[in-house]
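Please read the structure below before turning to the comments.
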Amino acid sequence: MNNGNMSMLDQAIQALLELARQADADVKEKVEMLASARAAQRRVKAMLRAAGVVEAAPPQPKKGKKPVPVSEEMQARLLDVIHEHIKTREAAVADVPGSFTAPGLIAIADMHQSSVNAALNTLREKGIVRAIGRATRKPGSGAGFAAMAYTLDEEHGK
Amino acid sequence: MASNVRISDFSDREILGMMGDLGNGVVAASELTFRVFGLNSESDPDQVKYGNRCVTARLSWMRRFGLVEKGEEPGIWSISKEGEILRAGRLAASILSGIQRSGDDSALTLAHAVGQRFLRTTPVARIAMRREWQFHLKQ
């Protein structure tokens with residue numbers, strides 16, 4: 001009698017173990033499908049962003065401090081730094097003479113990093129500088145992204 | 001990975017500028033990829049492939065808007081005649097200075113003047129203006 005009961009119990013346990021194994025396999029498969037679907041979603045969204053298509057999502061309200069307007073004086077100071085960089089430093093992008101990066105300017109400017117970045121953004125918005133791509137990373141320069149490179153717009157570079 | 005580097009970080013005007021820098025306006029998409037993303041021939045092939053897709057997608061859109069054209073060979077692109085006119089175009093220093101110095105109280109008048117000018121320009125220039133405006137709004 002006991003042997004028969006054990007046998008039935010064993011059978012029940014075996015059945016449950018099999019169901020558990022199938023459920024694990026099912027979950028694993030669905031997780032992989034979800035990851036694949038998310039990757040496909042990201043690819044499509046990246047292509048839309050690359051095409052410059054503005055997404056219809058409402059803009060998120062920005063938190064934090066209000067942007068401080070960059071004074072004409074600071075812009076003029078940065079332009080002096082840029083001219084200094086052009087005269088004394090190697091171009092950030094080899095085949096664009098006079099090209100520079102924000103870190104390159106910060107290294108020689110007597111200005112706070114945030115001031116350099118803010119003034120550079122303002123000059124870019126005004127069209128006085130233009131972005132020309134990313135400076136090519138040198139071997140051994142570590143992980144992370146190459147800095148954005150800029151040049152003076154033709155009119156202002158004269 | 002170049003996932004934090006986006007081609008949408010550059011305006012159409014800047015992309016046209018890069019094309020001018022690289023090959024007098026005639027470039028291979030791969031060259032533009034290297035420039036936009038800071039890659040080279042030794043970079044991770046997956047990054048280069050991803051970058052190529054982004055650049056080609058952007059150039060395809062710019063072609064629809066009339067700013068660039070496909071070259072004779074696959075993968076080659078050139079700035080269109082209209083694109084070149086827009087790339088090289090400049091505002092007189094006095095006009096630019098006047099706009100930049102205008103106060104908030106003249107915002108509506110300024111928008112009205114630009115709007116009137118917008119309506120009188122070519123279809124390609126109109127789209128280019130709108131996209132440049134959108135680019136700056138996103139910053």
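So you know, we letter chains A, B, ... as the sequences are listed, proteins then strands, and number each from 1.
- Taking both residues in full, the closest heavy atoms of B:Cys54 and A:Ala50 are given as O-CB, 3.6 Å, listed atom of the first, atom of the second, then distance.
- Counting all heavy atoms, side chain and backbone alike, B:Asp21 lies closest to A:Arg130 at OD1-NH2, 2.8 Å.
- Hydrophobic clustering (side-chain heavy atoms under 4.5 Å, transitive across Ile, Leu, Val, Met, Phe, Trp, Tyr) keeps B:Ile85 apart from B:Val68.
- Counting non-hydrogen atoms of other residues, nucleotides and ligands closer than 6.0 Å to CD of A:Glu18 gives a total above 12.
- Within a 6.0 Å sphere centred on CG of B:Asp104, other residues, nucleotides and ligands contribute 12 heavy atoms or fewer.
- Hydrophobic clustering of Ile, Leu, Val, Met, Phe, Trp and Tyr side chains at less than 4.5 Å, counting indirect connections, keeps A:Met47 apart from B:Trp61.
- Residue B:Glu73 places its CD atom among 12 or fewer non-hydrogen atoms of other residues, nucleotides or ligands, all under 6.0 Å distant.
- Ranked by heavy-atom pairs shorter than 4.5 Å toward chain B, the options A:Ile132, A:Asn121, A:Val93, A:Asp95 are led by A:Ile132.
- Heavy-atom minimum distance, A:Arg124 versus B:Phe135: NH2-CZ, 3.7 Å.
- Looking at B:Arg13, the atoms closer than 4.5 Å to chain A (heavy atoms on both sides) all sit in the side chain, from C-beta outward.
- The minimum heavy-atom distance between B:Val36 and A:Arg134, with the atom names listed, is O-CG, 2.9 Å.
- Salt bridge B:Asp9/A:Arg49: absent, no basic N to carboxylate O contact under 4.0 Å.
- A donor-acceptor distance shorter than 3.5 angstrom exists from the side chain of B:Glu14 to the backbone of A:Ala131, with no hydrogens or angles considered.
- Dense packing is recorded around CG of B:Leu119, with more than 12 heavy atoms of other residues, nucleotides or ligands lying under 6.0 Å away.
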